[in-house]
2 protein chains.
Amino acid sequence: MAQTTMDDVAQHAGVSRALVSLVMRDSPRVSDHSRAKVLASAAELDYRPNVWARNLASGQTNTIGVMLNDLHNPYFAELAEGVAAGATENGMEVLITSGWQREAGENAAIETLLNLRTDGIVLGAARFGSEAFSEMAQQTPTVAVSNFHKPDAMDTLCNDEAYGAELVVEHLTSLGHSRIVHIDAGTAPGAPERRKGFTTAMSNRGLAPIVFEGDYNEQSARAAAIDIMKLKEPPTAIFAANDLAASGVFAHLRSIGVSIPDDVSVVGYDDTVLAGLGAISLTTVRQPMQMSGHRATELLIERINGREVAKHELLRPSLVVRSTTGPVPK
Amino acid sequence: MAQTTMDDVAQHAGVSRALVSLVMRDSPRVSDHSRAKVLASAAELDYRPNVWARNLASGQTNTIGVMLNDLHNPYFAELAEGVAAGATENGMEVLITSGWQREAGENAAIETLLNLRTDGIVLGAARFGSEAFSEMAQQTPTVAVSNFHKPDAMDTLCNDEAYGAELVVEHLTSLGHSRIVHIDAGTAPGAPERRKGFTTAMSNRGLAPIVFEGDYNEQSARAAAIDIMKLKEPPTAIFAANDLAASGVFAHLRSIGVSIPDDVSVVGYDDTVLAGLGAISLTTVRQPMQMSGHRATELLIERINGREVAKHELLRPSLVVRSTTGPVPK
DNA sequence: TGTGAAAATTAGAGCGCTCTATACATAAGC
DNA sequence: GCTTATGTATAGAGCGCTCTAATTTTCACA
């Protein structure tokens, strides 16, 4: 399929290639007459501009690259959706690559984006601080979402985890709970901040912040839940590291005949699809990921347009109350 | 950031640009000595090949485009993962675009891919039969996953829905069930085949195939479940259109105090993450999406290498038995 | 030492587009 | 009528790479 080029269109329309180029780029400096003629020829010849050539010649791609650690994670899907929305508003395209949950994969995905020379990159990564990241930020405008490292070279956009934890503690204490346990996620992105927010919120109320070790998955949370329910005085509420972890807790409590929320209240984090599932209906903290994605695009475009100093912003989450939390049992 | 070009590297290494090009493409026709020299210079100058220029000059992109209707759907995520695996094996890159669940979005995403002139496209679409799709298949090698239309212009890869339904019916009848209801998903991709498979499997066993209307989401399945449980003789097993629908059924049954699987067995379809959730643990049909993605890549590469006639293949799903199915109550 | 083939390298013509000058109309100003 | 504006259109030089064909170097062998 030999492709139709601008020259073909120009010849067919009886004008110069430069004019066709102007028409294709919606330049106002073209007469209506010529524009119509060119457009007609282009349509007739089934002309499709060659992006490679255009980008090569113009030196910019009009494209934002998005690197997502894990396509399965709705958290990242929403981020990408927000980026897409922001990009569309600004007439830019979005190309997505994924690291398939592996660090090597993330690096390869970034390499792909770097080679493509997208105008900027939005990072939805799992592990920051890798060399590939800082090297990248050196080479192209970059916004990292949920990166609490705040390096100079890139902008960052984080959720206010402390505030989210505060919301949870406030909600639970207002329901009368005082023995509240948090299952954390070690050093995973956002987890330390979430934990810190929890202990602060509890301490501020004169309550003992009890933390069990876990991770952002079901199994470890389930394991933690087993230990937790073996306590002499089990808590009346459990605040899990994220929705998936909450689901693990949920499953264990159900299996040992503990009623939710009559006996124990459970709270998740992220408001992923699973939290909304009728069969679970989890009270959780909603991170405005779509908004994050949108804001990330704005920051990126500022950078593309020349801003030099890094910005680090915090976005406020909100609480979504569903059916897994209720008044403390007496 | 003026970029380093091949000429810079060539000059620095004291060789010609053509030689650098050969080294970059791993040509065997370069002496070890020169190769080392070039590589050293490239590293020192932080050289990164310009993909746009390369693709323009070579006329191919070494990239597979993947269009996914919905990034939130794990079904598509796995498809993409399979494509990525296949692509990596063949030294190709993968670029993902999404239609964000809208038909217009799908068309725009395809336009993006077409403009990029990726060597081929894998389609994970929701609605096939649109003009944009057939136009696309005309222009570039295309493999459509889960497209039961089987047009000449593109390859298709479908799951053997009839077989999947047969697996479900076989599993349930072997547990003693005979009053089995299927909640379908109208004309959504795969749904008619699934329904047909169900009715055939039931009829083959001399059982009445009862079908309720639904869709691939929770709400409609929940609505159907409400009607179903109002039947004079409610079924002892419900086979939902997909996992999400099963979750809706699950939620309703729980809410009216029906025990799963003691009173009613529930089966889903797709084996998405939610089926594996401890809190749900759904018996479901596993579609080998990752394998589909992998196979799609193989077909695509055959096409890229010149195969003209379309291939239409069927992949066999398998049954994953979890905790929502059990012997029929007496 | 010469010769031919094989191996290694290079020149240079594109790939399809953008973009800066420059050219050419036509209209306006005096 | 001539000059200066103003609006359109075009020539042509790249953008950074690939790839064919040609050239140069190397090496085996007579």
Side-chain angles (χ1 to χ4, degrees), chain A residues 1-39 41-42 45-63 91 93 114-119 139-140, chain B residues 1-39 41-42 45-63 91 93 114-119 139-140:
Chain A
M1 327 179 185
Q3 59 178 314
T4 313
T5 72
M6 236 177 212
D7 279 306
D8 298 330
V9 177
Q11 200 166 346
H12 186 274
V15 298
S16 70
R17 173 169 31 81
L19 218 216
V20 178
S21 173
L22 288 174
V23 171
M24 288 303 149
R25 282 175 290 149
D26 274 326
S27 164
R29 318 186 317 163
V30 181
S31 67
D32 291 346
H33 174 243
S34 301
R35 182 186 308 278
K37 210 166 47 175
V38 168
L39 253 21
S41 296
L45 297 181
D46 237 352
Y47 172 68
R48 177 183 298 285
N50 184 317
V51 180
W52 307 107
R54 168 187 297 206
N55 293 350
L56 175 59
S58 70
Q60 46 165 44
T61 63
N62 210 36
T63 299
E93 306 271 355
L114 241 28
N115 282 340
L116 275 177
R117 288 168 161 70
T118 54
D119 292 345
Q139 299 186 36
T140 190
Chain B
M1 326 178 185
Q3 58 178 316
T4 313
T5 72
M6 237 177 209
D7 280 305
D8 298 331
V9 176
Q11 199 166 348
H12 186 272
V15 299
S16 71
R17 171 167 35 79
L19 218 213
V20 177
S21 174
L22 289 175
V23 171
M24 288 303 149
R25 283 174 291 151
D26 275 328
S27 163
R29 318 184 318 162
V30 180
S31 67
D32 292 346
H33 174 242
S34 301
R35 181 185 310 278
K37 208 166 49 176
V38 168
L39 253 21
S41 296
L45 298 181
D46 236 353
Y47 172 69
R48 175 183 299 285
N50 183 318
V51 180
W52 308 107
R54 169 188 296 209
N55 293 352
L56 176 59
S58 69
Q60 47 165 47
T61 63
N62 210 36
T63 299
E93 306 272 355
L114 240 28
N115 282 340
L116 275 177
R117 288 168 161 69
T118 52
D119 292 345
Q139 300 187 34
T140 189

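Letters go in sequence order (proteins before strands), and every chain restarts at 1.
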* To do: Assign R54(A) to base, sugar-phosphate, or nothing according to its heavy-atom contacts below 4.0 angstrom with the strands shown.
  => sugar-phosphate
* Structure fact -> Between D7(A) and R17(A) the two heavy atoms that sit nearest each other are OD1-NE, 3.1 Å
* Taking all atoms of both residues into account, what is the closest heavy-atom pair of A42(A) and M24(A), and its distance? -> CB-CE, 3.7 Å
* Are S31(A) and dT8(D) close enough that a side-chain N or O sits under 4.0 Å from OP1 or OP2? -> no
* For atom CZ of R35(A) and atom P of dT8(D), their distance in whole Å -> 10 Å
* Gap between atoms CG and P, on L56(B) and dC19(D) respectively (whole Å) -> 12 Å
* Asked: What's the NE2-P distance between H33(B) and dT26(D), to the nearest Å?
  -> 11 Å
* Structure fact -> When rounded to whole Å, the CG to P distance for the pair L22(A) and dT20(C) reads 11 Å
* Structure fact -> When rounded to whole Å, the CZ to C1' distance for the pair R29(A) and dT22(C) reads 12 Å
* **Residue pair R117(A), L114(A): steps toward the side chain to side chain contact (heavy atoms under 4.5 Å, CB included) verdict** => CA-CA 5 Å; R117(A) 288 168 161 70; L114(A) 241 28; over 6 Å; no
* To do: Would you jot down, in residue-number order, the residues of residues 5-20 of chain A having a non-hydrogen atom under 4.0 Å from DNA chain C?
  => T5(A), M6(A), R17(A), A18(A)
* Asked: Within the structure shown, what part of the strands sits under 4.0 Å from V30(B) by heavy-atom distance: base, sugar-phosphate, or nothing?
  -> sugar-phosphate
* Asked: Which atom names give the shortest non-hydrogen contact between L56(B) and A53(A), and what distance separates them?
  -> CD1-CB, 3.7 Å
* Starting at atom CZ of R117(A), determine the distance to atom C1' of dC15(D), rounded to an integer number of angstrom. => 11 Å
* Could you give the CZ-to-C1' distance, from R48(A) to dG16(C), as a whole number of Å? -> 15 Å
* Structure fact -> Rounded to whole Å, CG of N55(B) lies from C1' of dG16(D) at a distance of 12 Å
* Is it true that a side-chain atom of N62(B) and a backbone atom of G91(B) form a donor plus acceptor pair closer than 3.5 Å? -> yes
